[in-house]
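Reading through the structure tokens given below for one structure.
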Amino acid sequence: MILINSLLYLIICFYGVNAKEVINILINKPDVDANEYLEKYNEMINQYFSMNNINDYDVKFSYCSPVSTDGENLSQIYKNAGSPFSIDVEYAKNFNCTLRELKNVNYDMMILDDRFLYADNSYADYVLLQDEFDFKRFSDFYADYNNYILNIDDINYHDKDILNDGKLGNKKRLYGLPYELDFDVLYYHSINEQSKDSLSLKVKGSSFKDNNSSDNNSSDNNSSDNNSSDNNSSEEILSAGFKDNDDLINFFGEFVRYQYNKPIENEISSYNFLYNKESIELYHSFRNYILKFTGNNIEKTLSTTVEEAYLSFLENENKLFRGKASLYKSLKENSNISIKMNSLSDNISVINEKYLVINKNSLKSTDVLVKIALILTSKEMQIYRSMEIGSIPTFNFKNGSDESVISYCQINSDMCNLLEKLNPIRIRNIFKKNKFSAHYLETRLIFPSGLKQSLIDPNNNTASRLFMNILDIWNYSSDKEYEINSNMIIFLILNIFSILVAIFLFLLMIKVHRNREHPYIKAVSPQLSNLTIFGILMRIIYPYCYGLVKTRFLCRMSVVLNFLINNLVYIPLFAIIFRIYYIYNNATNISYGKKLQDGRLIIYIIMVIIVTFFGYYGISYFSFFNLETDGSLQYSRYLTCVYDFNQHSIISIIYTSIIFIIMIVLTIKIHTLSKKYGDTIFIYFIVLLLLSSFFFDIAFNSFLSNGSALNLSTIILMYVHIIISLITLYFLIGKRLLYIRKHPIKNKENINKHHFSNINNLAKFIAMKKDSSLSFSYSNSSNKSQNKNSINSNNCNNNITNDIDKSNINDKNYLYFTQNLKRLDSNDNNFSNIIFE
């Protein structure tokens, strides 16, 4: 028994010592011979490890296995939302398969192409995809190679542009090491050399137009049958797998670059032809171009797989085959055929960059994975793979003095000739007009189906509408075509109405300023009233400034500024109410209320506004602000400032409620104190203001959440807010302006401009007269009686002055009291001498 246990222990130790650590790597399926390719690939890589005495690891490559239902829910969401676009369900299925494995521990590393690596990278988030596929950023699942020791010699042989495409952000985080390169070429049989440049035909050339004039006529006359012979001059000479949507996108990108030399990166206007009136000619030309070389059955062409096209070419059914350069080795070694390779027109080709990524969720040691990654992406390994399966290294082939390039080109001279002249297209740039454009993930989901619709039906403009959506956002685009509907008409009327109201409020401020010395205007503080009018004016026009919100900082500031604008309404209004309360409460006291003069109050208001502004700005730092879009769910793309609406609404409601409660309490007290002065029901305009603020907050939040989209409920709330604001201003100041216009003061020249510097003298002018006759009876009271009282008052004051003890003349307090008493008497005379018409 002891002997048996000893033998088992030795066996276990033997296998434990000699066991290899398996590194699982996910790889994409090739276009041709997928099953044979995987087997050969695994054998080749492990053979290299054995040849180089790397015996501690066993590398295993495998394909992803999609779930059959992946993508179906997303497709249904688009349908339920009434989106004019549809998604590529097959792509969604494969994409989510890879993403799912990134979240798991099944694969330690992955070979991802440039179309997936940072496909979600965009300035504004498309939250629908993030929620549907449960991710925030793809890069969250990648390990950063910069966090580990990399010698410069380990990566300096890569082409700089390809290496940089593996980096992300301003910090240039290196998440992907260049693995291999591929691009599109044209293959032809040796006997068909005269056809190798056929695709160089210019669509603007007279020969193409003449040949396709009959096609355009037949398309118009037979639009109901798109599979009929559209092109009398078409010849089926080209094999292409346009069922593969990536292949179709590549062909479209190469077509527009060769035929129109557009779009040009960083030249925004060069993208407009993809969706403006020029796009009609563009898509017709592209359709005719395909038909000319693939035959007259467009649906058959668009349903041909790459493998079918490849086999068709091998059978010599077509003279040309458009395929990947990496296929050249297998085609060249096929003894049954004689194949040559040619570059596409003007050496223009979409390149496909592949990168080796480390899965951050892997249970393996990251140091070990980095070591394996450097082996798999080394120049020796890349040359080895090129010799075995024809893959193309990521070297800088325009540097003929590089040892790696020389070594590769000695064996692959034909390929090097093409690589040296290659005019590469990075397909992502075709769809990147500016930073607000859709990320490539969304573009890849929706563009192919839209393009195919326009190719099958020449009268279908889905492709141009797609570009209008994915290239820019509706909020800031100056070249979009606007769809006129009922909401748009109502919105345009609102714009005109808002402009007229803004002009009216501006003129109202001028009118208030001109009448600022009138007691009925001075009673409610003209400067504070103007500040309130200005706040309401800003609140009306502020939503139109939302178009300036293009950054996350401005997103934050838009909320803070909204709080500031509300304060421009609330704080001056609060000061007016408090000022009225003070006047009534001190009307019988000898007090001149200097602390409550307009100038002093404005200083207080500015201080409060500044403090609350910075306080709210500080609070905003505890919230997350983001820019999001509703993507391609609707006809147009909108940019939306997103934050915690509920949190900031609660803060605003609490703050506003405190102010309004205090104002209501003061108003109730004012109403009690003012019964002997007249009706002050007008003060209850603060209730209207509260309603106005309520509707504005709802409209503002709705406006933000819809990305300034033309939502009918939002537009109606804006109308209600403006109307209630106008009613509020009517009760605050408008009614007074109308009154003094009907009842001007006759004896302006007899009134001292400073006789109302004592705000206590304004008590009788706070309330409005219900009957104009009251103003006459009050204003035209007996002059004799007034004069008598004035004389008696003067005599009394003179006696007081004469009786002053000479010893008290130097008493400054007493002198100040007597001077004020005289000034009060003077003011009283001026007050009683006001005569209204």
Subject >> side-chain contact (heavy atoms from CB on, under 4.5 Å) evaluation trace for Thr98 with Met110 >> reply: CA-CA 9 Å; Thr98 303; Met110 297 184 181; 4.1 Å; yes

Subject >> OH/Tyr617: more than 12 non-hydrogen atoms of other groups inside 6.0 Å >> reply: yes

**OP:** Give the C-alpha distance, both sets of side-chain angles, the deciding distance and a yes or no for side-chain contact (heavy atoms from CB on, under 4.5 Å) between Tyr142 and Ile358.
**Re:** CA-CA 6 Å; Tyr142 306 154; Ile358 295 176; over 6 Å; no

**OP:** State yes or no: are the ring centers of Tyr175 and Phe138 separated by less than 6.0 Å?
**Re:** no

Subject >> Electrostatic pair Arg100-Asp70, nearest N-O below 4.0 angstrom >> reply: yes

Original post:
Closest heavy-atom contact between Leu726 and Phe497?
Top reply: CD1-CZ, 4.4 Å

**OP:** Nearest 0.5 Å please: distance from the CZ atom of Arg428 over to the OG1 atom of Thr443.
**Re:** 11.5 Å

Throw together a table of side-chain donor-acceptor distances under 3.5 angstrom for residues 161-171, partners on residues two or more places apart or in other chains.
unit_1, atom_1, unit_2, atom_2, d
Asn164, ND2, Lys160, O, 3.1
Asp165, OD2, Arg426, NE, 2.5
Asp165, OD2, Arg426, NH2, 3.4

**OP:** Please step through ring pair (Phe, Tyr, Trp, His ring centres under 6.0 Å) for the pair Tyr570 and Phe660, ending with a clear verdict.
**Re:** CA-CA 8 Å; Tyr570 303 149; Phe660 273 98; 5.4 Å; yes

**OP:** Check for a donor-acceptor pair, side chain of Asn359 on one end and backbone N or O of Asn361 on the other, with a separation under 3.5 Å.
**Re:** yes

Subject >> Phe467 vs Tyr271, ring pair (Phe, Tyr, Trp, His ring centres under 6.0 Å): CA-CA, chis, key distance, verdict >> reply: CA-CA 9 Å; Phe467 269 117; Tyr271 288 81; 8.8 Å; no

Subject >> Nearest atoms (heavy-atom pairs only) where Ala124 meets Leu639 >> reply: CB-CD1, 3.4 Å

Original post:
Rounded to the nearest 0.5 Å, how far apart are CZ of Phe534 and CG of Leu568?
Top reply: 6.5 Å

**OP:** Report the C-alpha separation of Tyr355 and Glu353 in whole Å, then their side-chain angles, then the decisive distance to 0.1 Å, and conclude whether the side-chain contact (heavy atoms from CB on, under 4.5 Å) test is met.
**Re:** CA-CA 7 Å; Tyr355 296 88; Glu353 303 164 325; 3.3 Å; yes

Subject >> Test log, rule side-chain contact (heavy atoms from CB on, under 4.5 Å), inputs Ile653 and Ile651 >> reply: CA-CA 6 Å; Ile653 289 171; Ile651 294 173; over 6 Å; no

Subject >> Non-hydrogen side-chain atoms of Leu99 and Phe141 separated by less than 4.5 Å >> reply: yes

Subject >> Side-chain H-bond candidate by donor/acceptor type, His439 with Tyr118, under 3.5 Å >> reply: no

Original post:
Are the side chain of Asp134 and the backbone N or O of Asp131 linked by a donor-acceptor pair below 3.5 Å?
Top reply: no

Original post:
Is it true that a side-chain atom of Ser270 and a backbone atom of Lys262 form a donor plus acceptor pair closer than 3.5 Å?
Top reply: no

**OP:** Taking the side chain as every heavy atom from C-beta outward, state whether Leu112 and Leu356 have any atom pair closer than 4.5 Å.
**Re:** no

**OP:** Flag the pair Asp120 and Lys136 as a salt bridge only when some basic side-chain nitrogen lies within less than 4.0 angstrom of an acidic carboxylate oxygen.
**Re:** no

Subject >> For the student: nearest non-hydrogen atoms of Thr462 and Ser454, plus distance >> reply: N-OG, 3.5 Å

Original post:
Under 4.5 Å between any side-chain heavy atoms of Leu494 and Ile722, yes or no?
Top reply: yes

Original post:
Are Asp630 and Arg637 close enough for a salt bridge, meaning some N to O gap below 4.0 Å?
Top reply: no

Original post:
Hey, what do you get for CG (Leu274) to CG (Leu466), rounding to the nearest 0.5 Å?
Top reply: 11.5 Å

Original post:
What residues, two or more places apart in sequence or in another chain, satisfy side chain to side chain contact (heavy atoms under 4.5 Å, CB included) together with Asn147?
Top reply: Asp144

**OP:** For the residue pair Tyr78 and Leu633, establish whether any side-chain heavy-atom pair is separated by less than 4.5 Å.
**Re:** yes

**OP:** For Ile605 and Ala575, work out which heavy atoms get closest and say how close.
**Re:** CD1-CB, 3.9 Å

Original post:
Between Phe85, Phe252, Tyr91, Tyr440, which is the residue that forms a ring-ring contact (aromatic ring centres under 6.0 Å, His included) with Phe447?
Top reply: Phe252

Original post:
Got a second to check how far Thr612's OG1 is from Met607's CE, nearest 0.5 Å?
Top reply: 11.5 Å

Original post:
What are the two closest heavy atoms between Ile87 and Ser75, and how far apart are they?
Top reply: CD1-N, 3.5 Å

Original post:
Closest heavy-atom contact between Gln453 and Ser86?
Top reply: NE2-OG, 3.7 Å

**OP:** Assess the pair Tyr616 and His648: is the distance between their ring centroids shorter than 6.0 Å?
**Re:** yes

Original post:
What distance separates Ser279 OG from Phe273 CZ, expressed to the nearest 0.5 Å?
Top reply: 9.5 Å

Subject >> Pairing residues for Tyr148 by the ring pair (Phe, Tyr, Trp, His ring centres under 6.0 Å) criterion, not counting sequence neighbours >> reply: none

Original post:
Does some side-chain heavy atom of Tyr638 sit less than 4.5 Å from a side-chain heavy atom of Thr629?
Top reply: no

Original post:
Any side-chain heavy-atom pair from Leu445 and Leu74 closer than 4.5 angstrom?
Top reply: yes

Original post:
Can you check side-chain hydrogen bond (donor to acceptor under 3.5 Å, both in side chains) on Asn272 and Tyr275, steps first, answer last?
Top reply: CA-CA 6 Å; Asn272 296 346; Tyr275 57 81; 3.1 Å; yes

**OP:** Return yes if some donor-acceptor pair links the side-chain N/O of Asp644 with the main-chain N/O of Ser623 below 3.5 Å, else return no.
**Re:** no

Subject >> Gap between atom CG of Asp472 and atom CZ of Phe436 - 0.5 Å precision >> reply: 8.0 Å

Original post:
How about Tyr123 and Ser437: do any of their side-chain heavy atoms sit closer than 4.5 Å?
Top reply: no

Original post:
If we ignore angles and hydrogens, is there a donor and acceptor under 3.5 Å between the side chains of Tyr655 and Asn567?
Top reply: yes

Subject >> Between Gln634 and Ser83, a side-chain donor and acceptor under 3.5 Å >> reply: no

**OP:** Indicate whether any N or O donor in one side chain lies under 3.5 Å from an N or O acceptor in the other, for Arg173 and Asn146.
**Re:** no

**OP:** Run through Asp114, Asp246, Asp113 and flag the one making a salt bridge (charged side-chain N to carboxylate O under 4.0 Å, His left out) with Arg444.
**Re:** Asp246

**OP:** Determine whether the side chains of Asp125 and Asn626 contain a donor N or O and an acceptor N or O closer than 3.5 Å.
**Re:** yes

Original post:
Can you check side-chain hydrogen bond (donor to acceptor under 3.5 Å, both in side chains) on Asp88 and Asn245, steps first, answer last?
Top reply: CA-CA 9 Å; Asp88 181 352; Asn245 287 328; 2.5 Å; yes

Original post:
If we only count heavy atoms from C-beta on, is the Leu528 to Ile602 side-chain gap below 4.5 Å?
Top reply: yes

Original post:
So, is the end of the Arg552 side chain (NZ or CZ) under 6.0 Å from the ring centre of Tyr643 and within 45° of the ring's axis?
Top reply: no

